[in-house]
Amino acid sequence: MKSEPDVFGLDDLVNAVNKTTTWEGVRNYEARNFMRDQMKVGDGILFYHSNSKPPHVAGTATVASKSYPDPSQFDPSSDYFDKKATKDAPIWYLVDVKYESTFPEPIVRAILQDDPICGEMMLFKRNRLSITPVTSEEWLAVHQLAGVKPKR
DNA sequence: GCCAACGTTGGC
DNA sequence: GCCAACGTTGGC
């Protein structure tokens, strides 16, 4: 899952109540579908800092809830308000995300891309998607680059 | 700051 | 339903 560190970085997740946040504001159908249909409580998340120099994976988090309607779509004062959405027919979904770990060193994008396994991640194929799936093989390979034993 | 990729909007 | 215009993301 991508986030701009200037807006909400891994450190902000560490400092959040219960080290948990609602991943609100995703307004792309494909990214929504990954949260709504594929994420399960306890799944691992690579926390990626986009728009940073250089972009990198900062650490990990976990999926902390089932998917549910993103409340911001109903809030007229929110930037993420969607007037087409109703409580009966929500459009946008999210999951709660809980902090898990910070890598000893950030894994920068270029290093990931050069790795034979990590270089195949959907991250590199769908540059503008803010959420992309990671295979268990890729998950292990990222942890190997980080020099960290994966928790799952 | 530039620009490629690409999703969305709206006229027809 | 098509497609041009436009806006956004995000790497470089």
Side-chain angles (χ1 to χ4, degrees), chain A residues 1-16 20-39 43-65 67-135 137-148:
Chain A
M1 297 175 96
K2 294 186 194 175
S3 190
E4 300 186 30
D6 290 349
V7 179
F8 190 90
L10 190 56
D11 287 344
D12 295 306
L13 189 57
V14 171
N15 293 323
T20 302
T21 194
T22 55
W23 206 257
E24 67 171 36
V26 170
R27 293 295 180 269
N28 170 284
Y29 288 105
E30 219 172 337
R32 176 205 67 183
N33 292 348
F34 289 137
M35 287 198 286
R36 190 189 59 186
D37 305 334
Q38 291 188 222
M39 289 189 182
D43 282 354
I45 296 164
L46 295 174
F47 200 104
Y48 179 93
H49 283 163
S50 60
N51 263 316
S52 84
K53 291 188 276 191
H56 59 272
V57 177
T60 65
T62 60
V63 175
S65 75
S67 64
Y68 60 94
D70 180 341
S72 67
Q73 71 194 300
F74 308 123
D75 176 4
S77 69
S78 168
D79 285 346
Y80 304 124
F81 179 63
D82 186 336
K83 62 183 191 308
K84 296 198 202 91
T86 64
K87 295 273 168 84
D88 286 339
I91 299 172
W92 306 108
Y93 287 75
L94 52 67
V95 295
D96 293 348
V97 169
K98 182 173 177 131
Y99 174 80
E100 180 173 76
S101 73
T102 302
F103 287 154
E105 299 290 339
I107 312 301
V108 305
R109 179 184 174 90
I111 299 291
L112 278 179
Q113 197 158 18
D114 281 347
D115 182 86
I117 294 169
C118 301
E120 294 301 308
M121 292 194 297
M122 196 189 288
L123 172 69
F124 298 110
K125 294 170 180 153
R126 302 297 309 284
N127 206 30
R128 288 181 48 236
L129 249 196
S130 67
I131 300 177
T132 50
V134 175
T135 67
E137 190 187 23
E138 290 158 358
W139 175 265
L140 291 175
V142 172
H143 281 76
Q144 221 155 43
L145 287 176
V148 170

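Because the structure is predicted, anything quoted here is derived from the model rather than measured. The chains referred to below are lettered A, B, ... by the order of the sequence lines, with proteins before strands, and numbering in each begins at 1.
Rounded to whole Å, atom P of B/dC6 lies 7 Å from atom CZ of A/Arg126. One atom, CE of A/Met122, and another, P of B/dC6, lie 13 Å apart when rounded to the nearest Å. The NZ atom of A/Lys125 sits 18 Å away from the C1' atom of C/dG11 (whole-angstrom rounding). Taking atom NZ on A/Lys84 and atom C1' on B/dG10, their separation rounds to 12 Å, with Å as the unit.
If you check the side chains of A/Ser72 and A/Asp70, you find a donor sitting under 3.5 Å from an acceptor. If you check the side chains of A/Asp96 and A/Tyr68, you find a donor sitting under 3.5 Å from an acceptor.
Within 6.0 Å of CD on A/Glu105 lie no more than 12 heavy atoms contributed by other residues, nucleotides or ligands. More than 12 heavy atoms of other residues, nucleotides or ligands sit less than 6.0 Å from atom NZ of A/Lys125.
Within 4.0 Å (heavy atoms only), A/Tyr48 reaches sugar-phosphate atoms of the nucleic acid but no base atom.
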Just the atom pairs and distances: protein N or O near nucleotides 2-4 of chain C's N or O, under 3.5 Å.
none

Produce the list of close N/O pairs, under 3.5 Å, pairing protein atoms with atoms of nucleotides 7-9 of chain C; give distances to one decimal.
| unit_1 | atom_1 | unit_2 | atom_2 | d |
| --- | --- | --- | --- | --- |
| C/dT8 | O2 | A/Arg128 | NH2 | 3.2 |
| C/dT9 | O2 | A/Arg128 | NE | 3.2 |

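A/Glu30 CD to A/Leu129 CG: the interatomic distance, rounded to the nearest 0.5 Å, is 4.5 Å. Rounded to the nearest 0.5 Å, atoms CD (A/Gln73) and NZ (A/Lys84) are 12.0 Å apart. For the atom pair CG (A/Leu46) and CZ (A/Phe103), the distance works out to 6.0 Å, reported to the nearest 0.5 Å.
A perpendicular orientation is assigned to the rings of A/Phe47 and A/Trp23, their planes being inclined by more than 60° (bins at 30° and 60°).
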